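Quick caveat: nothing in here was measured; it's all calculated off a predicted structure.
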Amino acid sequence: REPHGRWSMETVTVAEPGPNEVRVRVVASGICQTDVHARDGFFPIPCPAVFGQERAGIVEKVGSAVATLAPGDHVIMANPSCGECEDCRAGFETYCVNAPRLKQSGFRSDGQSLSFRRGDERIYGSFFQQSSFAGLTLAMARNTIRVPKEAPLDILPAFPCGVNTGAGAVLNVL
């Protein structure tokens, strides 16, 4: 609820998915130093907020324009990218110029809508366009990746963040 505050569990309402979003039941989520930094105010996301960006789950509902995922799909949610900037169009989504806004604004990809509410209270989220600390969350379909149903959802949250970061450090330094 506040920078440097204690983590807490609260009941919130999640919005319906927009045309290019999916609603995911989070099965497993890791906690990363990035989440702690965000909670402590090092990123511009307002409080109160739902954090979390290492995640795996099951799609519950898809937006009207989503054709690549379906309810029941097992998924991991990767770092967000817009798909429209020059870097994304060139295949370099890691360098998306809109990534900071998508990751840290507290708003959904449209820049105005919120994923969560608690009664009339605004709850910020869409952290990395997923806020995986929520049991039910919204994610951008373009950054949600279907995985085989037999893949262990309790292990997969490490791959989109921790494994990629570690692999990148090793491969780029070596």
Side-chain angles (χ1 to χ4, degrees), residues 17-46 49-59 62-63 65-70 73-116 124-134 137-148 151-174:
N20 296 303
E21 294 177 321
V22 294
R23 187 169 61 205
V24 176
R25 180 172 50 87
V26 177
V27 173
S29 179
I31 186 167
C32 174
Q33 189 64 39
T34 301
D35 299 305
V36 175
H37 287 319
R39 187 239 8 225
D40 291 346
F42 292 106
F43 299 118
I45 186 169
V50 179
F51 298 106
Q53 48 85 37
E54 292 185 348
R55 52 283 158 203
I58 301 171
V59 174
V62 300
V66 177
T68 57
L69 297 164
D73 284 345
H74 289 208
V75 295
I76 56 175
M77 295 168 271
N79 287 329
S81 59
C82 72
E84 299 170 1
C85 71
E86 184 177 331
D87 290 334
C88 284
R89 288 192 316 271
F92 299 109
E93 290 90 351
T94 302
Y95 301 104
C96 174
V97 298
N98 293 304
R101 177 185 58 81
L102 291 170
K103 292 177 181 180
Q104 305 166 10
S105 72
F107 291 94
R108 291 158 74 177
S109 62
D110 66 11
Q112 299 173 15
S113 304
L114 294 175
S115 296
F116 306 103
Y124 295 90
S126 299
F127 189 60
F128 281 65
Q129 291 301 308
Q130 62 199 257
S131 290
S132 64
F133 288 173
T137 195
L138 297 176
M140 295 169 56
R142 69 170 272 102
N143 303 112
T144 303
I145 303 158
R146 184 181 20 243
V147 297
L153 291 178
D154 60 332
I155 295 173
L156 291 177
F159 285 86
C161 181
V163 171
N164 279 348
T165 302
V170 169
L171 295 172
N172 290 322
V173 171
L174 291 177

Any donor-acceptor pair under 3.5 Å linking the side chain of [X] with the backbone of [Y]?
X: D87; Y: E93; answer: no
X: R108; Y: E21; answer: no
X: Q129; Y: N143; answer: no

Can you give each donor-acceptor pair under 3.5 Å made by side-chain atoms of residues 24-33, sequence neighbours left out, with the distance rounded to 0.1 Å?
residue, atom, partner, partner atom, Å
S29, OG, E54, O, 3.0
S29, OG, S132, OG, 2.8

What class does the angle between the rings of F42 and H37 fall in, given that below 30° is parallel, 30 to 60° is tilted and above 60° is perpendicular?
perpendicular

Check this for me: does any side-chain nitrogen of one of R89 and E84 sit under 4.0 Å from a carboxylate oxygen of the other?
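Looking at E84 together with R89, the answer is no, because their closest N to O distance does not fall below 4.0 Å.
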
Among residues at least two apart in sequence or on other chains, which ones pass side-chain contact (heavy atoms from CB on, under 4.5 Å) with D73?
V59, L69, A70, V75, R146

Excluding sequence neighbours, so at least two apart, what forms side-chain contact (heavy atoms from CB on, under 4.5 Å) with R39?
W7, V36, F51

Would you indicate whether the side-chain heavy atoms of [Y] and [X] approach each other to under 4.5 Å?
X: F127; Y: I45; result: yes
X: S81; Y: R142; result: yes
X: S126; Y: F107; result: no
X: P17; Y: V22; result: no
X: C82; Y: L102; result: yes
X: L138; Y: F116; result: no
X: L153; Y: H74; result: yes

[X] and [Y]: which non-hydrogen atoms are nearest, and at how many Å?
X: F43; Y: T34; result: CE1-O, 3.6 Å
X: A139; Y: M77; result: CB-SD, 3.6 Å
X: S131; Y: T137; result: O-OG1, 3.4 Å
X: A56; Y: L156; result: CB-CB, 4.1 Å

Pair Y124, L114 - check side-chain contact (heavy atoms from CB on, under 4.5 Å), show working.
CA-CA 6 Å; Y124 295 90; L114 294 175; 3.6 Å; yes

Value for CG (N20) from CG (D110), rounded to nearest 0.5 Å, stands at 11.0 Å

